[in-house]
Number of protein chains: 4
Amino acid sequence: MSARREATRQRLFQATLEEVSAHGLDGVTVDRIAERAGLAKGTVYYNFGGKNELFSAFLEWGVDRFAAMLREGAAGPPREALSGLIRAELQFIAEYEDLARLLLSESWRTNQAWEATALRIRRQAIDVFTELLDAVRAEGGMRPGLDTGVAGSALFGMALTAALEWRTLAPDRPLEEVHAVLMRLVDDILRAERA
Amino acid sequence: MSARREATRQRLFQATLEEVSAHGLDGVTVDRIAERAGLAKGTVYYNFGGKNELFSAFLEWGVDRFAAMLREGAAGPPREALSGLIRAELQFIAEYEDLARLLLSESWRTNQAWEATALRIRRQAIDVFTELLDAVRAEGGMRPGLDTGVAGSALFGMALTAALEWRTLAPDRPLEEVHAVLMRLVDDILRAERA
Amino acid sequence: MSARREATRQRLFQATLEEVSAHGLDGVTVDRIAERAGLAKGTVYYNFGGKNELFSAFLEWGVDRFAAMLREGAAGPPREALSGLIRAELQFIAEYEDLARLLLSESWRTNQAWEATALRIRRQAIDVFTELLDAVRAEGGMRPGLDTGVAGSALFGMALTAALEWRTLAPDRPLEEVHAVLMRLVDDILRAERA
Amino acid sequence: MSARREATRQRLFQATLEEVSAHGLDGVTVDRIAERAGLAKGTVYYNFGGKNELFSAFLEWGVDRFAAMLREGAAGPPREALSGLIRAELQFIAEYEDLARLLLSESWRTNQAWEATALRIRRQAIDVFTELLDAVRAEGGMRPGLDTGVAGSALFGMALTAALEWRTLAPDRPLEEVHAVLMRLVDDILRAERA
DNA sequence: AATGAATGAGGCTTCATTCAT
DNA sequence: GATGAATGAAGCCTCATTCAT
């Protein structure tokens, strides 16, 4: 992969992101992406082979950003890590709202073309929650028998849905307020489990 | 509205559901819907005026099914109502998986055309959770200061995400197992709040 | 099939013929055909489903013209029928030179898409020769052992190749002169076989 | 012309032949030819200047093979030469069926681009027949007045069409059987002319 | 109330060609 | 001599919509 080619791919990813944000998923056309990237339409086909392949690669690119942000947030001992993780999830959704909506919307659709990518989105995100819950259990802070797989997806979805509601209904509200509500619920759970 | 016309509309809704399930959202064309319904394409336009209008009406039709199922499940005193509500959410997703994916996927997209419907989906579902939490608070089972709006969407998303993961990764697992995990978390919260 | 639809198909066939004649096979585009027919591009797709299907149907339409002309010419007792048949072949090639070149060129290409049609072209034409040779044999005018299948295709190809050379190199030469040369060869064969 | 360059050209001819055989004329793209030849696409342009030029040179290359095979077969006194010539024609078509179909199909199309080449194909082949018929006449074995130009193209087309039918319908049949049928017709003509 | 033939804007894709390296 | 990334004109095809019947 030549450096020139790699630069071209990055420009196309960025242009795709901007198009999705500006015109929504339905407004994404190869024509517009190429134009925004300042490239010829054929270049998309030369580099990715087709619209689906471009989109699939773009989603992976987006997932990697998402996953990197989550991993960065989830540092420290379990309880702090959970707090940081949820804050990172809220931050990502606030900063990259369009990308987030796209990733999450696609991750639940039934779509053969991007199935692998969709699965990857969920795994990247949910597994971090599950692993933290396992760490809590390993520390002895949890009654036996909890299915941390289900609980991990539950906590992920909890923050996700609250975040999207926040962006839709009260985007001016400070992130920390939403974070506080979610952490109160999480702390409730941790406390009850420890008891 | 004549009975004949109403019957035609029902056939189109059913055909739309089947098309969405069979070919995904991208595979939904007026042609295919009409063919599956055994009607001419013009009939769709005669009855709905356009594809967006058909789709919007169809989504409402789906939301009403969803909302009816949730309301039916959320009966009894708050804790039992929460349990029933979550079970109903799991049941709906299990029984009408394709419709559920569609509703939820659309409800988070940014799409001018069906915005009102999307909002309605969330309100129908999330408000039931919020109202139940308010009822718990009114009974004195909750420490002060919880934003039940955020918490309601959190609980809704918790069950939702766990349900979709369940259908995707382990569809043969009994519903009650997933329900038990979720209720353990909910009970943890209720207990910690009461304490 | 409504009368309107049938009329549309005829217009498209005629336009295709004119396009092939005017711009060659490579100049045939759906756009141009539709424009020449005075129809919208989509109409081609509504009526035929695609370019290949249109072309395949068009070739059949052309073959039917060719076959009708050959059958009409091949009347009377065997020797006169052979003469009439060869004259008809020359006439068709002279009158519909572009269509003839197309039919014959395509009939020998290896092309999956129109294979059935290509076979049909050859059968329609060659079988008439073979049947006439069989009739000669039945009349006792032939020594035993001739494979009339091979001989039929040989006579067909004899007239065909001579005709195309005629059109290419000496289009002003009267048809009857070419016909006379070919009939001299055919008569040579018939005489030698009778002897 | 350096040896390296000549080797490159040969590889491109061979790759073109393989592509035509494998994917048909419509499947021939510069991309695929270059890939099959193990060369970069730009190399085609460096060596030939364009696709048409490559193709034209390729056809000449093919014609030369065809002509060499025919000339080699047409040896000896006229009647034996005719027999050898027809056998050589059958052999070429049997051995290089795809190339033969391509050459013949193209030779009858109306195509400005390769017109010179197409003409050359026919001349190379048909003239050998015409010259042999002239030789027969010179030996006194022919009644006066036969147009050996038309008759030559007739004999060429006779063998050609029979050969392609043979390859299509009964490829397992021995070449000599087809050759025998054709020679019976040719001998019929020679005998009748001598008589 | 329903039909279905026709439409045409809009999208995706192919591929011969160019050119800087 | 050869390369391969980039180009963009040109084609094919889809599909929501219209309208005469």
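Lettering of chains follows the sequences in order, A, B, ..., and the numbering in each one begins at 1. No experiment lies behind these values; they were computed from the predicted model shown.
Nearest approach of C:Tyr45 to C:Lys51, heavy atoms of both residues: CE2-N, 4.4 Å. Across C:Tyr46 and C:Arg5, no two heavy atoms sit closer than the pair O-NH2, 3.2 Å.
Looking only at distances, no side-chain donor or acceptor of C:Ser56 sits under 3.5 Å from a matching main-chain atom of C:Asn52. At distances below 3.5 Å, at least one donor-acceptor pair connects side-chain atoms of A:Thr43 with backbone N or O atoms of A:Ala40. A distance-only check finds a donor-acceptor pair linking the side chain of C:Ser107 to the backbone of C:Leu104 [under 3.5 Å].
Using a 4.5 Å heavy-atom threshold, the side chains of D:Arg101 and D:Thr168 count as touching. Put simply, the side chain of A:Thr29 does not reach to within 4.5 Å of the side chain of A:Lys41, judged on heavy atoms.
In this structure, C:Glu35 places its CD atom 14 Å from P of F:dA10, rounding to the nearest Å. Between the P atom of E:dT21 and the CZ atom of A:Arg5 lies a distance of 18 Å, rounded to the nearest Å. The interatomic distance linking C:Phe55 (CZ) with F:dC12 (P) rounds to 11 Å, in whole Å. For B:Arg9 and E:dA2, the CZ to P distance is 11 Å, given to the nearest whole Å. Between the NE2 atom of C:His23 and the C1' atom of F:dA10 there is a distance of 15 Å, given to the nearest Å. In this structure, B:Leu54 places its CG atom 12 Å from C1' of F:dA16, rounding to the nearest Å. The separation between A:Phe48 atom CZ and E:dT13 atom C1' is 16 Å, rounded to whole Å. Summarising the geometry, the separation between CD on C:Glu19 and C1' on F:dG11 is reported as 14 Å, rounded to the nearest angstrom.
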Give DNA chain F the dot-bracket treatment, 5' to 3': Watson-Crick (N1-N3 with N6-O4 or O6-N4) or G-U (N1-O2, O6-N3) under 3.5 Å, [ ] crossing, | other strand.
.||||||||||||||||||||

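For B:Asn47 and E:dA1, the shortest distance from a side-chain N or O to OP1 or OP2 is not below 4.0 Å. Distances shown here put every side-chain N or O of D:Arg4 at or beyond 4.0 Å from the OP1 or OP2 atom of F:dG1. The phosphate of E:dT13 (OP1 or OP2) has a side-chain N or O of A:Tyr45 nearer than 4.0 angstrom.
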Restricting both atoms to N or O, compile the protein contacts to nucleotides 7-11 of chain E shorter than 3.5 Å, with distance only.
from, atom 1, to, atom 2, distance (Å)
E:dT7, OP2, C:Ala40, N, 3.0
E:dT7, OP2, C:Thr43, OG1, 2.3
E:dG8, N7, C:Gly42, N, 3.4
E:dG10, O6, C:Lys41, NZ, 3.4

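The aromatic rings of C:Trp61 and C:Phe13 sit parallel, their planes meeting at an angle under 30°, below the 60° perpendicular limit.
Between A:Asp98 and A:Arg167 there is no salt bridge, since no side-chain nitrogen of the basic residue lies less than 4.0 Å from a carboxylate oxygen of the acidic one.
Annotation: of the two residues near DNA chain E, B:Thr8 and A:Glu53, the 5′-most nearest-nucleotide partner is B:Thr8.
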